[in-house]
Amino acid sequence: MAKQNKTAISPTRAEDYPEWYQQVVKAADMAETSAVRGCMVIKPWGYAIWEHIQKNLDNMFKETGHVNAYFPLFIPKSFLEKEAEHVEGFAKECAVVTHHRLEAGPDGGLIPAGELDEPLIVRPTSETIIGATFAKWVQSYRDLPLLINQWANVVRWEMRTRLFLRTAEFLWQEGHTVHATKEEAVEETEKMLGVYATFARDYMAIPVLTGVKTESEKFPGAEKTYCIEAMMQDKKALQAGTSHFLGQNFAKASDIKFLDDQGQLQYGWTTSWGVSTRLIGGLIMTHSDDNGLVLPPRLAPTQIVILPVLHKDGDHGEVLAYCEALAKDLKHTFYGDDPIRVDIDKRDIRGGEKSWGWVKKGVPLRIEVGPRDIAENKIFGARRDEDGKFSMDRDEFVAKAASLLEEIQNGLLTRATTLRDENTVELDSEDAFYDFFTNNAGFVKAHWNGSPVIEEKIKNDLNVTIRCIPLDDTDGEGVCIFSGEKSPRKVIFGKSY
RNA sequence: CGGGCUGUAGCGCAGCGGCUAGCGUACAUCGUUCGGGACGAUGGGGUCGCCGGUUCAAAUCCGGCCAGCCCGACCA
């Protein structure tokens, strides 16, 4: 009561966005830092969200013909050295294993012993080790396309880390494919980008721009990097997924060759694509508010939580039985392809506190059931995406639950889309550009002549980068706002995570 | 990896040479409460991040290391 006007999360987004983010992660009990530098512990609530991301994405990968496999955590140093750009890109952030044994030291401690002939790199990504394997698997054009995915952890020794957004170790999936022709490989790259964009929109309720990275932003060793870019509530861009057309670079480095239908030996054309636990960071920063996490129903570990109102002197049995029956009916209802996920919180703690706990965890619908409701065969509910509560006939609620969840899901997408569109502007002069990014953040669409020198300059001046060259470009040619030279198309600029 | 700040109970913090280390909150028990963060009483919980140095005496001063946060460079 005394705290009625206060928000659950302090500071608020407006007061201190980065700190707010950390507090949301903590308040929702999703993850925490560990004793190991830069590495996080993903707690059950955070991991459950990842499991739903995995499950749905995995289905989409299967539907597009991919199968899962698993490759080693360790990559021989010599493998990483095979592709020049690749080495250069990742060398600065690799964990290196040099020994395979520990021996007792003089002070009772342990010292590494048994030095390896060749150091092993903890994978920062798996192109090279998978390439070496694919070289053995691929002999004939009949072996193609080879469509493989792996769910794994990778390590990139980051200097500056933030839970979910950038950690030294993170979980992801990496798809790796080999194709007989360039066209087919490009098609695959674009297809998987489409899968990511669809997943982001339909499951995460995050609208994304699809596009291509500039030369300076592309994946080390790729011919072309496609990406999905989302706008967070602080108007900064988050790269939420990438899909790479690798040309024949890795095929040549790993010797992936096949005999075509003419009996000619050819190098394969490869792709790779991935999304990571960073998506959870994007989810938080897209939807959450000053009361904590807000989850899109499709990914919420619990979609509806039932909170029995238990008076000390009242009949707990009756209330709980009513809740159990309600939960059972809801679980027999489908939302999307799955039964609604319902939880009853029977913990004996204060109602307000219990309720706030679920607000902070972002559960889409909270239902309170007390003796008064039971007498009238009603429920009392609250939506996470709106203020206020509603009273509803019990059976009517069961019938409407799935459509309510869908309404919340769609509402979140609409809200996020509106925010993005309201903060996307088209500018046609350098002054306007500098003026915008000096005072604001957001997406700016503007003509650019393709020069990396200009990219470098605006990065230094404003900390702004080209997020992507949009795929759905309809603007056509124009004049570069920085150089006055001819520009083939408009590109998207923004500050990024 | 550079610059700044920080590390004391689960969490948030005070104490910054002096003898028994404290407060809020959370936790446990009891009572009164109970439909959006209750109140009272009692109680449990700490090798003051780690290692070393200075000192009669170190949470407190010094050095090194580890971890975190912010700002850069780098990156999903």
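Each chain gets a letter, A, B and so on, in the order the sequences are listed, and its residues count up from 1.
Of the side-chain N and O atoms in A/Lys459, one or more sit less than 4.0 angstrom from OP1 or OP2 of B/C74. For A/Lys26, a side-chain nitrogen or oxygen approaches OP1 or OP2 of B/G12 to under 4.0 Å. Taking side-chain N and O atoms only, A/Arg166 has no distance below 4.0 Å to OP1 or OP2 of B/C75.
Comparing the P positions of B/G45 and B/G4 gives a spacing of 41 Å, expressed to the nearest Å. With both ends at atom P, the span from B/C13 to B/G49 equals 14 Å, rounded to whole Å. Rounded to a whole angstrom, the distance from the C1' atom of B/A26 to that of B/G12 is 11 Å. Between the P atoms of B/C5 and B/G52, the separation comes to 27 Å (whole Å). Comparing the P positions of B/G63 and B/C27 gives a spacing of 41 Å, expressed to the nearest Å. B/C16 and B/G7 have their P atoms separated by 14 Å, given to the nearest Å. Look at the P atom in both B/G37 and B/C30: the space between them is 24 Å, to the nearest Å. Rounded to whole Å, the separation between the P atoms of B/C71 and B/C19 comes to 40 Å.
Counting non-hydrogen atoms under 4.0 angstrom, A/Thr242 reaches nothing in the nucleic acid. At a threshold of 4.0 angstrom between heavy atoms, the contacts of A/Pro308 with the nucleic acid are absent. Base contact: A/Thr167 has a heavy atom under 4.0 Å from a base atom. Heavy atoms of A/Gly351 sit nowhere under 4.0 angstrom from any nucleic acid atom. Residue-level contact check: A/Gln239 touches the backbone only, with heavy atoms under 4.0 Å from sugar-phosphate atoms and none from bases. At the heavy-atom level, A/Gly282 lies nowhere under 4.0 Å from the strands shown. A/Glu19 comes within 4.0 angstrom of nothing in the nucleic acid, heavy atoms only. Using a 4.0 Å heavy-atom criterion, one finds that A/Leu165 contacts the bases of the nucleic acid, with or without backbone contacts as well.
For A/Phe170 and A/Trp50, the gap between ring centers reaches or exceeds 6.0 Å. Remark: aromatic rings of A/Phe219 and A/Phe90 are close, center separation under 6.0 Å.
Checking B/C75, B/A73, B/G36 against the side-chain heavy atoms of A/Glu158 singles out B/C75 as nearest. Checking B/A76, B/G36, B/C34 against the side-chain heavy atoms of A/Arg350 singles out B/C34 as nearest. The nucleotide whose nearest atom lies closest to any side-chain atom of A/Phe170 is, among B/G35, B/C75, B/A76, B/A76. Which of B/C71, B/G36, B/A76 sits closest to the side chain of A/Arg160 comes down to B/C71. Between B/A76, B/C74, B/G36, one nucleotide has an atom nearer to the side chain of A/Arg366 than all others, and that is B/G36.
A cation-pi arrangement is absent between A/Lys378 and A/Phe380 under the rule of less than 6.0 angstrom and at most 45 degrees off the ring axis.
Separating the CZ atom of A/Phe380 from the C1' atom of B/C34 is a distance of 15 Å, rounded to the nearest angstrom. Rounded to an integer number of Å, the gap from CG of A/Asn153 to C1' of B/A76 is 15 Å.
Look at B/G18: its Watson-Crick or wobble partner, with both distances under 3.5 angstrom, is B/C56. With a cut-off of 3.5 Å on both Watson-Crick or G-U wobble distances, the partner of B/A73 is given as none. Judged by Watson-Crick or G-U wobble contacts below 3.5 Å, the nucleotide B/C5 has B/G68 as its partner. Remark: B/U42 base-pairs with B/A28. Criterion, Watson-Crick or G-U wobble with two distances under 3.5 Å. As the counterpart of B/C23, B/G12 is assigned, both hydrogen-bonding distances of the Watson-Crick or G-U wobble pattern falling under 3.5 Å.
Between the base of B/G36 and the side chain of A/Lys389 there is a donor-acceptor pair shorter than 3.5 Å.
A salt bridge does not link A/Lys459 with A/Glu455: every distance from a Lys NZ or Arg NE/NH1/NH2 to an Asp or Glu carboxylate oxygen is 4.0 Å or more.
Within a 6.0 Å sphere centred on CH2 of A/Trp157, other residues, nucleotides and ligands contribute 12 heavy atoms or fewer.
Taking 4.5 Å as the limit, every side-chain heavy atom of A/Leu246 sits out of range of all side-chain heavy atoms of A/Thr271.
Nearest-nucleotide mapping onto RNA chain B: of A/Thr161 and A/Ala168, the residue sitting toward the 5' end is A/Thr161. Both A/Pro18 and A/Leu310 lie near RNA chain B, and the one whose nearest nucleotide falls closer to the 5' end is A/Leu310.
Under the rule for a ring pair (Phe, Tyr, Trp, His ring centres under 6.0 Å), the partners of A/Phe134 that lie at least two apart in sequence or sit in another chain are A/Trp137.
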